[in-house]
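Take a look at the structure below.
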Number of protein chains: 2
Amino acid sequence: MAVTLKEVAERAGVSQSAVSRAYTEGASVSSKTRKKVEKAALELGYSPSLIARSLATSRTSLIGLVANNFQNPVFLEVFDLFTRALQERGLRPLLVNLSDETDPQHSVRMLKQYSVDGVVVASSTLPPVFAKAFKDAGVPVVHAFGRISSDVDIHVVGIDNRRSGEMAVETLLQHGYRSIAFLGGPESSSSAQDRGAGFLDGLKKAGLVPADMRYADDYTYDAGKVVMNALLDEKKVDAVFCGDDLICMGAMDAARGRGINIPEELGFIGFNDMKMSEWEAYGLTTVRQPTRDIILSSVDLVVSMVNDHERTPEKRLFPCTIVERQTLKSV
Amino acid sequence: MAVTLKEVAERAGVSQSAVSRAYTEGASVSSKTRKKVEKAALELGYSPSLIARSLATSRTSLIGLVANNFQNPVFLEVFDLFTRALQERGLRPLLVNLSDETDPQHSVRMLKQYSVDGVVVASSTLPPVFAKAFKDAGVPVVHAFGRISSDVDIHVVGIDNRRSGEMAVETLLQHGYRSIAFLGGPESSSSAQDRGAGFLDGLKKAGLVPADMRYADDYTYDAGKVVMNALLDEKKVDAVFCGDDLICMGAMDAARGRGINIPEELGFIGFNDMKMSEWEAYGLTTVRQPTRDIILSSVDLVVSMVNDHERTPEKRLFPCTIVERQTLKSV
DNA sequence: AAAAACACTGCAAGCGGTTGCATGATATTT
DNA sequence: AAATATCATGCAACCGCTTGCAGTGTTTTT
């Protein structure tokens, strides 16, 4: 069907090896041969078969993106960045959906089957044991949005969630709030835990105690609303730090539903700075996470691991910044 | 490195063909041989190499999802559904990002390089010439969210945008609005055109004329806001039908920014019913598009095409429904 | 009971590249 | 000019699986 290397070789009057080498970076070919090959290839409309190459080299040029959260709009940006970055390098992005997955071994089998050259795990809710299992199975892994303090020896690129949580609290304090609650993502997620810890750090430094701390069941609007309503039923606070913008929006709507005035009676600060956070209906003050840096850096890293599986695990951190909008009262 | 078919064959005391057949649906193998093979495979931890199989069969089990809009949250659902559907069938989802792509030939080369067994083009903004080019290049294609009236012979699964636009208008009329404007997505997109046509149909049947018709530059919140502001600068209308929920939210915020009361002074109806449309800050009345049906059906179709490239092109339509919330006044 | 049909099985030739090795051609040293 | 190093090329053996074909053993038909 398609043109093969063999035909090109015949037409160019060279050996198959010559043609193959003409297409391999850094191979030893004279420019004369290369010219001949290029000419023949052009005339025939040849382009090498990735599949055959994969079989011979055991490199597939497939890089997996494993995710387990297809609710959060932040991931749209992740998908976009990831696919572009790979496409630019001539690599192919494979999507691995691990929603509802609980068995690391099952995932490992799947990954093996997929025969990816490497994966970036983009999730802060997927238990670290998954990334670990992938690594043990011999698949290069980088954990984007992962936990830096993770004890397992895995590449992590992300942010300092603890420090960022502290920054959020500092911002709240600067704006004059004192009775502050934390509304995190699912308690099982490392990012929720770390942001919560940072929240406590920040309060402690100011000599304050938390007004309340709770965790939503999911990184979703609905979960945010539910947990905020529960909070409002029990406590009176003057500001809340939400571990995610989506949760924060749910929480804000819960508060508004009770006629509470934002930001005068109740201030909000979120996390992520997703696109919608600047929508006028919310105008969320939030901690901006540098998604772009994280994904691009993750791709760099996983690509470099393909050539050097034994690369020693790195933790790459990017700084967060505060984006001030309208959910905090002015001082 | 990995266990190969050969080793399994030796261990099981059978030929390589036998092992291969044990793993091929519908092949001729006695259950005795199969047992032996399964035992040996289990002991060795064997699983067949997809790559080698691809080379031999020229089937890769890779199915591409081509998209060019990573802004619209609707696509999160698309990605989720698509990946799950493929994973269940033992197929592998490849993402193809065609944002900013203008040259069909370039995309074709990319697709060829990717060696997918088929693709579903999920977009209503990608010019039909792309899907056409893929088909001509011999790649099975189904166009999800495509245009049914498309003249090219390509499988399309989606909705009747024209009829759905008409439904939106009918809803507006039922709620007592008479001076109605249309705010579509980019004029170049087929869905925007068709919804616009349906809008006109609906008005005409009621003996009315459009109060205004315009198109946003993008399927985004910002674009919706911009175009709504332009509209408000020039005209006085009492309801607007937006060709997309995202655009509708931008438009609503533009109106609110001017102190206009929704739904009393101005009614809104959107399109898609994305997750956020039910958020309290918007509570959008909208035309629900059955994304799930569309994607699952598209996957079915593309999979069946892999086995039968010449399948005659089909148009599969699913009905839309109106979801009433709070952006229309009660009659 | 012989003939015909059927179900298995193994052989071996692919699928379309890559790459170690040996050889010949060129260039560099001394 | 001889000796040595460097570069370019081709040969052929893989990479790991599939499949047409031919051969054997078993079952069904008549």
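Numbered from 1 within each chain, the chains take letters A, B, ... in sequence-line order.
- Across the interface with DNA chain C, nearest-nucleotide mapping of Thr57(A) and Val14(B) shows Val14(B) to be the residue nearer the 5′ end.
- The CD-P distance, from Gln113(B) to dG16(C), rounds to 15 Å in whole Å.
- Distance Arg53(A) CZ to dG16(D) C1': 18 Å, rounded to the nearest Å.
- Taking atom NZ of Lys6(B) as the reference point, atom P of dC15(D) lies 7 Å away to the nearest angstrom.
- Counting heavy atoms of neighbouring residues, nucleotides and ligands inside a 6.0 Å radius, atom NZ of Lys132(B) does not exceed 12 of them.
- Straight-line distance from the CG atom of Leu55(A) to the P atom of dG14(C): 17 Å, rounded to whole Å.
- Residue whose closest nucleotide on DNA chain C sits further toward the 5' end, between Ser17(B) and Pro48(A): Ser17(B).
- Phe134(A) has its side chain within reach of Val119(A): a pair of non-hydrogen atoms, C-beta onward, lies under 4.5 Å apart.
- Within residues 21-47 of chain A, the residues that have a heavy atom under 4.0 Å from DNA chain C are, in order of number, Arg21(A), Tyr46(A).
- The shortest side-chain heavy-atom distance between Leu301(A) and Arg311(A) falls under the 4.5 Å cut-off.
- Between Ser15(A) and dC11(D) there is no side-chain N or O to OP1 or OP2 distance below 4.0 Å.
- The separation between Glu10(B) atom CD and dC17(D) atom C1' is 15 Å, rounded to whole Å.
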Let me have the donor-acceptor pairs involving side chains of residues 62-70 of chain B, under 3.5 Å, with sequence neighbours excluded, atom names and distances please.
residue, atom, partner, partner atom, Å
Asn68(B), OD1, Ser123(B), OG, 2.9
Asn68(B), OD1, Thr125(B), OG1, 3.2
Asn68(B), ND2, Thr125(B), OG1, 3.0
Asn69(B), OD1, Gln71(B), N, 2.9
Asn69(B), OD1, Asn72(B), N, 3.2

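- The backbone N or O of Tyr114(A) sits less than 3.5 Å from a side-chain atom of Arg92(B), completing a donor-acceptor pair.
- In this model, the phosphate group of dG16(C) is not approached by any side-chain N or O of Ser49(A) to a distance below 4.0 Å at OP1 or OP2.
- The existence of a salt bridge linking Asp300(A) and Arg89(A) is confirmed by a sub-4.0 Å separation between a basic side-chain nitrogen and an acidic carboxylate oxygen.
- Leu5(B) places its CG atom 13 Å from the P atom of dT19(D), with the value rounded to the nearest Å.
- Rounded to an integer number of Å, the gap from Gln16(A) CD to dG16(C) P is 11 Å.
- In this structure, the side chain of Glu77(A) does not engage the main chain of Val74(A) through any donor-acceptor pair within 3.5 Å.
- Proximity of Thr4(B) to the phosphate of dG16(D): no side-chain N or O atom is located under 4.0 Å from OP1 or OP2.
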